[in-house]
Amino acid sequence: MLDIKLIRDRTDWVEERLRTRGGRHDLNAFRLLETEKRALQTETEQLQAERNAVSREVGVRKQRGADAGELLARMKELGPRIKELESRLRAQEERLQALLMELPNLPHPSVPLGADANDNVEVRRWGTPPTFSFTPLNHWDVGERLGILDFAAGAQIAGARFTVLRGAGARLTRALISFMLDLHTTEHGYTEILPPMLASAAALQGTGQLPKFEAELFATRDDPFYLIPTAEVPLTNLVRERILAAHELPLKLTAWTACFRREAGAAGQDTRGLIRQHQFDKVELVQITKPEESNQALESLTRDAEQVLQRLELPYRTVALCTGDMGFAAAKTYDLEVWLPGQGRYREISSCSNTEAFQARRMQARFRREDGNKAEPVHTLNGSGVAVGRTLVAILENFQQADGSVIIPDALRPYLGGLGKLTMA
RNA sequence: GGAGAGAUGGCCGAGCGGUCGAAGGUGCACGCCUGGAAAGCGUGUGUACCCCUAAAGGGUACCGAGGGUUCGAAUCCCUCUCUCUCCGCCA
């Protein structure tokens, strides 16, 4: 949610910044509505003040046994008038709020201008894509040949975009999760959380998935829950409606969760393999910081995610998303793209964003400085550290051998009882 | 799922339908006191929004949420949510 005062005071500037993201946002309608609302509020509050004064006087007179007849008559008129104004005011506020909730975040000044993914800017590259003496297979072929990925079984249970992992596939996934969590908790200073994987509408609204992107979410039928599309939702909502002390910041949280996405509108994309599933595992990183520290925090959070790929010896590049390609809540985003030999290109495996105060304002997450002044919104950041399913894909494709086996990166072996290679049965 | 109890400020805890944003305590901040501290004394100590703004100031709303009764609701009524206890069920 944008700062309403900023919209009011610098309408044109905000509108211009929003325009860089593409889409159209008419802030004049907003400003008009807001002006109207304030007039209504002033009128309402004047009458309320009068009501309070008169009814106080009624009390005083009654206690003295004096007559309050004409006062009661005045109150008879005031009552309905106030009630009507109050309900109009509330309606107006709701409309404003609804408009506000639909506006995306403003891009940080350092974000490259651009329309779509083609305008993203590569900021660094790590590792060298492997060369093969044979034509590298797609991960689904590698996985099926090893008997660790079973797409047919996933479809049988739940349908398209669900997969069953078997044997070493399941174990490798569990190993990846443990490896990532251990790295972030013991070396990067994050606290491990195991949160609910269903969340309320209020929580989803706080992080920005609702109300605008309901179509992307799975919901429960008989209860008011949504399946979380990312652990960013529960982790960030840990500070919803809280006022933190300055010394508690930054908060660094990590969690493994399953993530559930309907992938509405993704028909025909990545229909084969593990790349785009309705359910996938992810280790998430979240930081809650002071405003002046969030820029630096995004850099370090991104490095924390990159470290996962480096330890796993997976070649990747880091890309700064342009204004037109960023998500709704983000002020700035780096994507990590891992090299996939089967596709011969880099594919997103992590997305690290600073949402600044955007989510904090939605969820009223604040902190108070040592000087004891007014509480102000915190900044919230999130990033995948990293997507587990896609990491499995990357390992299968990058470390596949001519004989169909797959070498396990050293960093992962302790989590697999020393296993160094997946081989065909 | 059944039965019961509860929800008030950072925390604890009062609150006959009227002057209650809310007693009291405690915590915290500042000041006095002290060689220093404790104790003691004094002052202050919620959030949001609006008006006015240089500052000060003023107003409105908020006692879990929403509705109702009333000239007037923290206080009465209804609905909901959450927490706790007991029973049942269950991993």
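All heavy atoms count here, side chains included; hydrogens, waters and symmetry mates do not. By convention in this document, chain letters (A, B, ...) are assigned in the order of the sequence lines, proteins followed by strands, and residues within each chain are numbered from 1.
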- Item | Value in whole Å for how far the P atom of B:rU47 lies from CE of A:M363 | 21 Å
- Applying side-chain contact (heavy atoms from CB on, under 4.5 Å), name anything that partners A:F213, two or more places apart in sequence or on another chain. A:E216, A:F328
- Query: Under 4.0 angstrom, heavy atoms only, what part of the nucleic acid is A:R361 near: base, sugar-phosphate, or nothing?
  - Reply: nothing
- Task: Tell me, yes or no, whether the heavy-atom count around A:R276 atom CZ, taken from other residues, nucleotides or ligands under 6.0 Å, exceeds 12.
- Result: yes
- With sugar-phosphate taken as primed atoms, P, OP1 and OP2 and all else as base, the protein-contact string of nucleotides 58-72 of chain B at under 4.0 Å (heavy atoms; B, S, -) is -BBS-----S-S-BS
- Task: Could you tell me whether the side chain of A:I275 reaches within less than 4.5 Å of the side chain of A:H139, counting heavy atoms only?
- Result: yes
- Nearest-Å distance once atom P is located in both B:rU81 and B:rU43: 46 Å
- Task: Considering only atom C1', compute the distance from B:rU26 to B:rU45 and round it to an integer number of Å.
- Result: 13 Å
- Query: Could you give all pairs that pass the side chain to side chain donor-acceptor pair (under 3.5 Å) test and reach residues 241-261 of chain A, with sequence neighbours left out?
  - Reply: A:W256-A:D281
- Between CZ of A:R366 and P of B:rG10 the distance, given in whole Å, is 11 Å
- Message: Hydrogens and angles aside, do A:E86 and A:Q48 bring a side-chain donor and acceptor to less than 3.5 Å of each other?
- Response: yes
- Could you tell me the separation between the CZ atom of A:R242 and the P atom of B:rG10, rounded to a whole number of Å? 14 Å
- Message: If I pick the P atom on B:rU53 and the same atom on B:rG57, what distance separates them, to the nearest angstrom?
- Response: 16 Å
- Note on the structure: For RNA chain B, consecutive-pair runs of 3 or more (Watson-Crick or G-U wobble, both H-bond-type distances under 3.5 Å) give B:1-7 with B:81-87, B:10-12 with B:24-26, B:27-32 with B:40-45, B:46-51 with B:57-62, B:64-68 with B:76-80
- Note on the structure: note: A:Q364, atom CD; B:rC49, atom C1'; distance rounded to Å ~ 12 Å
- Side chains of A:S353 and A:K332: is there a donor and an acceptor less than 3.5 Å apart? no
- Gap in Å between the two P atoms, one belonging to B:rG10 and one to B:rA48, rounded: 12 Å
- Message: For a quick check under 3.5 Å, do A:R311 and A:Q307 share a side-chain donor-acceptor pair by atom type?
- Response: yes
- To the nearest angstrom, the NZ-C1' distance between A:K37 and B:rC49 comes to 6 Å
- A:R95: salt bridge (charged side-chain N to carboxylate O under 4.0 Å, His left out) partners, not counting sequence neighbours: none
- Task: Sticking with atom C1', work out how far B:rC28 lies from B:rG15, rounded to a whole angstrom.
- Result: 25 Å
- Message: List the residues meeting salt bridge (charged side-chain N to carboxylate O under 4.0 Å, His left out) with A:D325, not counting sequence neighbours, and say none if there are none.
- Response: none
- Looking only at atom P, what distance separates B:rC87 and B:rU8, rounded to whole Å? 26 Å
- Atom-pair distance (CG on A:L85; P on B:rC50), nearest Å: 18 Å
- Query: Do A:Q209 and A:T207 get their side chains close enough for a donor-acceptor pair, meaning under 3.5 Å?
  - Reply: yes
- Message: Using whole Å, what does the distance between atom P of nucleotide B:rC50 and atom CG of A:L47 come to?
- Response: 19 Å
- What integer number of Å spans the P atoms of B:rA7 and B:rG59? 31 Å
- Expressed in whole Å, how much space separates the P atoms belonging to B:rC89 and B:rC16? 43 Å
- Query: So, is A:R368 near the phosphate of B:rU47, with a side-chain N or O under 4.0 Å from OP1 or OP2?
  - Reply: yes
